[in-house]
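Working notes, beginning with the structure itself.
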2 protein chains.
Amino acid sequence: METVGRLAGVSQVTVSRALNDPKKVSANTLKRIQDAIELTGYVPNMVAGALASKRSQLIAALVPSITNVIYSDLMQNFIDVIRGSGYHVLMAETGFSQEEEQAVLSTMLSRRPDGILLTGIHHSAGCKRMLLGAGIPVVEVWDTTESPIDVCIGFSHIRAGEEMAQFAFERGYRNAIAVSAGDERALRRKDAFCARFAKLTGTRPDAICFESGATIERGRNGLARAIDSGFRNGLVMCSSDLLAHGVLIEAQSRSISVPGDIAVMGFGNQDFSAFTLPALTTVDINRKHLGAQAAEALVARIGNQELPEKCIDVGFQIIPRASA
Amino acid sequence: METVGRLAGVSQVTVSRALNDPKKVSANTLKRIQDAIELTGYVPNMVAGALASKRSQLIAALVPSITNVIYSDLMQNFIDVIRGSGYHVLMAETGFSQEEEQAVLSTMLSRRPDGILLTGIHHSAGCKRMLLGAGIPVVEVWDTTESPIDVCIGFSHIRAGEEMAQFAFERGYRNAIAVSAGDERALRRKDAFCARFAKLTGTRPDAICFESGATIERGRNGLARAIDSGFRNGLVMCSSDLLAHGVLIEAQSRSISVPGDIAVMGFGNQDFSAFTLPALTTVDINRKHLGAQAAEALVARIGNQELPEKCIDVGFQIIPRASA
DNA sequence: TTGTACGCGTTATCAG
DNA sequence: CTGATAACGCGTACAA
């Protein structure tokens with residue numbers, strides 16, 4: 001900046017102004033400064049800027065997994081919007097565990113982010129303490145709660161599970177089995193589904209749960225295990241479209257007709273879900289909208305705006321297709 | 001740090017030492033400092049540290065897309081390893097365009113990253129100039145070249161396409177069609193495949209190319225268009241497993257037998273590829289290894305080590321399964 | 001082993 | 001509209 005200033009015949013401070021608030025500088029000197037920047041190839045140093053201004057222009061985003069489209073899709077839109085507001089995103093994986101989340105958060109905070117995006121509403125006491133200590137806006141996505149740390153944007157997994165059961169019941173299914181990934185939110189949907197389905201039909205569905213994430217392979221394996229345990233007819237409720245797709249494939253390989261013999265419901269309405277055979281009945285979450293809204297909420301909170309509601313429920317929508 | 005120091009009865013510098021190089025401090029004072037840190041809830045400020053030491057401990061990573069498993073899988077391992085070395089990753093999407101890459105890079109550089117991960121080997125002149133100006137290590141992944149900016153780690157897309165053709169020829173296929181996504185590397189594989197297949201059989205395969213990325217939907221659409229244009233028998237070469245999976249589904253929906261009527265090859269060996277019906281013949285890239293190796297190379301270069309080779313070819317491997 | 005003095009490249013405050 | 005000066009919180013060099 002010093003160099004640029006000398007070239008333009010002004011002081012270093014004026015260069016700083018020209019960059020951060022151009023209208024505070026006369027058109028004439030602004031031009032000279034821009035030329036000098038062009039000439040020298042000067043690149044601003046945001047770490048110095050961050051130190052001086054106490055604004056890092058950095059957002060920390062903690063997601064369970066970046067390879068899971070569910071989250072990367074959300075992040076893509078989040079990042080897009082947040083970058084439009086001049087921020088950079090420090091992204092990290094927390095792997096569905098609160099301990100990992102806390103460890104990651106602690107190193108993240110040393111970057112002095114201006115805001116934080118968290119996935120889910122269950123965080124360790126240590127996490128909450130650190131967040132409080134940091135004193136920065138926090139947005140929790142992908143779930144709802146009455147008592148968010150700061151604000152939360154998502155949907156009710158319990159209601160989602162319940163409405164899946166209601167849908168299944170209304171479509172005439174009286175027997176069901178659940179195939180679920182091992183993460184806490186998937187299990188919550190599964191439990192809500194089973195409970196409501198039991199209430200409606202009188203029989204509580206069995207459940208097949210995997211330790212970790214959803215894959216097509218586990219979906220195939222899930223149906224195989226269901227069949228082994230005697231499941232022949234009814235609805236297979238899957239905690240994700242990936243599992244459901246696997247169920248579809250396994251059914252086909254065993255010449256089990258869908259939805260003739262068994263019906264299948266997924267969750268997430270992924271890109272492929274309209275194009276499986278048969279097309280997958282699933283639950284749509286508007287992930288792009290969710291990501292964008294989370295970004296906007298965060299930017300607003302960083303600007304010290306109060307949001308109309310502490311907790312925004314973006315809802316979900318059951319998409320009936322051929323599989324159930 | 002000042003406060004922590006006072007509490008522990010030492011100066012600020014000693015606290016800094018205790019954090020960065022504990023063995024430079026006596027066990028006694030170290031203990032007192034750690035207690036003081038615990039008591040105050042002190043969180044180090046890496047932005048100040050970065051400014052003072054001129055090491056940001058930040059790596060910028062530019063990938064075409066974070067929703068594409070191909071890249072997010074690579075990034076997952078890259079981030080894992082890089083975090084193990086004490087760095088944070090600043091990740092951004094470049095969307096397959098050189099202009100976007102340059103725009104993103106320019107804002108990234110103002111964070112003064114210690115190193116950069118780039119995807120591919122084709123970058124705008126502006127990019128190269130900025131990179132040279134930054135004077136930091138650069139690792140280019142997912143491709144190979146004789147003249148990398150700094151070091152590159154990947155595989156030859158041309159050889160991959162050629163070996164796919166060779167494989168198809170040896171399996172007895174004499175007719176083929178290519179279905180490709182629109183990105184430059186996919187097209188390079190497609191062109192190499194078509195050229196080699198033509199050389200081997202005397203007939204150059206037609207190609208169906210999409211403007212943008214691969215999806216199952218486009219795979220289905222690709223086969224539909226192939227059929228419309230008269231394709232009845234032979235191999236469908238797909239630029240990715242996602243497209244191939246779509247082809248498989250479309251074939252099934254039309255009662256076209258695979259590999260009886262048509263054969264299908266994918267690329268990428270994704271999680272699901274062994275579990276489609278039939279299982280997908282594809283090309284495996286060891287993405288986890290690639291990500292880890294890129295991270296290690298970057299860390300080594302940041303430590304001013306010279307690598308034995310400027311360009312590391314991690315190769316690829318054709319995985320023969322039932323579909324071709 | 002510990003402390004002093006200084007500088008990193010900006011922004012904020014105040015004065016002109 | 002512009003400039004001087006003082007932080008920002010830490011690491012480095014050197015001295016003790």
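In what follows, chains carry the letters A, B, and so on, assigned in the order in which the sequence lines appear, proteins first and then strands, with residues in each chain numbered from 1. Model, not experiment: these values are computed from the prediction.
Between the CD1 atom of Ile33(B) and the P atom of dT1(C) there is a distance of 13 Å, rounded to whole Å. Distance Asp21(A) CG to dC1(D) P: 11 Å, rounded to the nearest Å.
Residue Thr29(B) places at least one side-chain N or O closer than 4.0 Å to OP1 or OP2 of dT2(C). Put simply, Thr14(B) has no side-chain N or O that comes within less than 4.0 Å of OP1 or OP2 on dT1(C).
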Margin query: Within the 4.0 Å limit for protein heavy atoms, which parts of nucleotides 8-16 of chain C are touched? Write it as a string from 5' to 3', B for base, S for sugar-phosphate only, - for none.
Written below: BBBBB----
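Within the 4.5 Å cutoff, the side chain of Asn286(B) has no heavy atoms near those of the Val314(B) side chain.
Not counting sequence neighbours, the partners of Lys31(A) by the salt bridge (charged side-chain N to carboxylate O under 4.0 Å, His left out) test are Asp35(A). Under the side-chain contact (heavy atoms from CB on, under 4.5 Å) criterion, Arg129(B) pairs with no residue at all, not counting sequence neighbours. Residues passing the side-chain contact (heavy atoms from CB on, under 4.5 Å) test with Glu306(A) are Arg301(A), sequence neighbours excluded. Among residues two or more places apart in sequence or in another chain, the salt bridge (charged side-chain N to carboxylate O under 4.0 Å, His left out) test is passed with Arg17(A) by none.
The bend of the helix from dT1(C)-dA16(D) to dG16(C)-dC1(D), defined by the angle between the axes of its first five and last five pairs, stands at 30° to the nearest 10°.
Around CG of Asp80(B), the count of heavy atoms belonging to other residues, nucleotides or ligands within 6.0 Å exceeds 12.
With respect to His123(A), the side-chain hydrogen bond (donor to acceptor under 3.5 Å, both in side chains) criterion is satisfied by exactly one of Gln98(A), Lys128(A), Glu140(A): Glu140(A). Checked options Ile116(B), Asp114(B), Leu298(B); the residue passing with Ile136(B) is Ile116(B) (criterion: side-chain contact (heavy atoms from CB on, under 4.5 Å)).
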